[in-house]
Amino acid sequence: MHAPHRVIDIHAHAVLEAGFGKAGRYGPELTEDGGASTFRVGEFRMSIVYRGTVFMDVGKRLELMDGLGIDLQLLSPNPLTFFHGIEPDLALRFCQVHNDAMAKLVARHPGKLLGAAALPMQDPDAAARELERAVRELGLVAAYVGTDYPFPLDDPCLDDLYRTFVALNVPLFLHPSSTGGAARGGRPRQRTG
């Protein structure tokens with residue numbers, strides 16, 4: 001007899017309130033005024049509803065997962081908050097806070113949720129250290145990053161970071177995305193097609 005197949009969603013973004021304001025002047029920031037909701041990252045602003053949706057309400061997320069037959073979901077950072085184009089110390093601070101909050105969230109729902117780390121890719125050495133911390137200390141199982149750094153994806157400065165992924169045996173999910181207008185605009189590696 002075959003074991004039943006499990007449905008696993010590996011592309012499920014979460015917006016974590018703990019990270020709001022943790023990237024200095026870049027935010028992120030969510031404001032609500034008379035039913036209108038605006039998300040700000042650097043100079044970029046977008047009208048979007050996050051509160052009360054699956055992005056921020058884990059109860060709604062779990063209910064929707066059950067309704068869709070999703071057994072397990074890998075939560076990942078919001079691509080608008082990859083912050084790969086801001087000052088490295090601010091990016092690292094945001095990633096640390098985000099990863100701590102992600103670990104706490106998924107720990108409350110074992111068997112249903114897993115977490116992916118955010119990494120400060122503009123500083124590959126700091127990214128490698130944060131990846132080790134996120135996996136070994138926090139129990140996160142992957143990393144989600146953008147594709148727009150101050151250097152190419154195959155730059156030798158990333159070799160040690162890539163070796164860290166291999167040593168930890170965790171996947172790296174490259175998610176093409178704008179850096180949210182925080183420091184740079186549209187670049188070729190942010191496009192998906």
Side-chain angles (χ1 to χ4, degrees), residues 10-29 39 41-42 44 55-56 58 73-110 113-184 187 189-190:
I10 63 165
H11 191 180
H13 299 300
V15 176
L16 305 178
E17 188 134 12
F20 290 171
K22 300 303 185 212
R25 68 184 178 277
Y26 303 105
E29 180 179 81
F39 192 66
V41 178
F44 178 79
F55 289 104
M56 293 185 76
V58 72
Q73 200 168 64
L74 174 65
L75 300 185
S76 57
N78 178 346
L80 293 173
T81 63
F82 285 154
F83 289 125
H84 299 325
I86 69 173
E87 296 88 335
D89 61 325
L90 293 176
L92 176 59
R93 179 175 178 231
F94 174 81
C95 290
Q96 289 170 333
V97 169
H98 185 278
N99 294 340
D100 289 344
M102 179 71 79
K104 288 177 186 169
L105 172 62
V106 300
R108 290 192 300 266
H109 304 282
L113 300 176
L114 299 171
L119 298 177
M121 295 299 289
Q122 60 272 69
D123 183 343
D125 292 337
R129 289 189 303 273
E130 181 58 14
L131 176 63
E132 289 219 22
R133 185 185 81 88
V135 172
R136 292 190 175 162
E137 296 176 26
L138 302 178
L140 300 182
V141 300
Y144 255 68
V145 299
T147 55
D148 188 18
Y149 322 136
F151 35 79
L153 295 171
D154 62 351
D155 192 289
C157 74
L158 290 165
D159 288 351
D160 285 339
L161 173 60
Y162 293 149
R163 280 192 274 277
T164 303
F165 275 98
V166 172
L168 293 169
N169 195 29
V170 294
L172 168 61
F173 191 107
L174 295 173
H175 189 301
S177 175
S178 165
T179 56
R184 297 192 302 241
R187 306 250 314 196
R189 288 188 305 265
Q190 82 180 28

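Values below: every heavy atom of this structure, side chains too, minus hydrogens, waters and symmetry copies. In this chain, numbering begins with 1 at the start of the sequence shown. Remember, it's a predicted structure, so these values are computed and weren't measured experimentally.
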Please name the pair of heavy atoms, one in [X] and one in [Y], separated by the smallest distance, quoted to 0.1 Å.
{"X": "Met56", "Y": "Val15", "result": "CG-O, 3.3 Å"}
{"X": "Ile86", "Y": "Ala23", "result": "CD1-CB, 4.1 Å"}
{"X": "Ala103", "Y": "Leu138", "result": "CB-O, 3.6 Å"}
{"X": "Phe151", "Y": "Met121", "result": "CZ-O, 3.2 Å"}
{"X": "Leu119", "Y": "Ala143", "result": "CD1-CB, 3.7 Å"}
{"X": "Pro77", "Y": "Ala118", "result": "CG-CB, 3.8 Å"}

Between atom [atom1] of [X] and atom [atom2] of [Y], what is the distance when rounded to the nearest 0.5 Å?
{"X": "Glu137", "Y": "Asp100", "atom1": "CD", "atom2": "CG", "result": "9.0 Å"}
{"X": "Glu87", "Y": "Leu92", "atom1": "CD", "atom2": "CG", "result": "13.0 Å"}
{"X": "Asp154", "Y": "Asp159", "atom1": "CG", "atom2": "CG", "result": "9.0 Å"}
{"X": "Leu75", "Y": "Met102", "atom1": "CG", "atom2": "CE", "result": "5.0 Å"}
{"X": "Leu168", "Y": "Leu140", "atom1": "CG", "atom2": "CG", "result": "11.5 Å"}
{"X": "His98", "Y": "Thr81", "atom1": "NE2", "atom2": "OG1", "result": "5.5 Å"}

* Under 4.5 Å between any side-chain heavy atoms of Pro28 and Phe83, yes or no? ->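 Yes, at least one pair of side-chain atoms sits under 4.5 Å.
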* Asked: Tell me, do Val141 and Val106 make a side-chain contact under 4.5 Å, heavy atoms counted?
  ->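 Sidechains of Val106 and Val141: no contact.
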* May I ask you to decide whether Arg129 forms a salt bridge with Asp160, counting only side-chain N to carboxylate O separations under 4.0 Å? =>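 Salt bridge between Arg129 and Asp160, a charged N being under 4.0 Å from a carboxylate O: no.
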Plane angle bin for [Y] and [X] - parallel if under 30°, tilted between 30 and 60°, otherwise perpendicular:
{"X": "Tyr144", "Y": "His11", "result": "tilted"}
{"X": "Tyr149", "Y": "His84", "result": "perpendicular"}
{"X": "His175", "Y": "Phe82", "result": "perpendicular"}

* To do: Let me see the working for Leu172 and Leu161 under side chain to side chain contact (heavy atoms under 4.5 Å, CB included), right down to the final yes or no.
  => CA-CA 10 Å; Leu172 168 61; Leu161 173 60; over 6 Å; no
* Judged by atom type as modelled, is there a donor-acceptor pair below 3.5 Å linking the side chain of Arg93 to the main-chain atoms of Gly24? ->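 Flag not set: sc Arg93 to bb Gly24 has no pair under 3.5 Å.
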* Should Val58 and Arg108 be marked as a side chain to side chain contact (heavy atoms under 4.5 Å, CB included) after you check the CA-CA gap, both sets of side-chain angles, and the distance that decides it? -> CA-CA 10 Å; Val58 72; Arg108 290 192 300 266; 5.6 Å; no
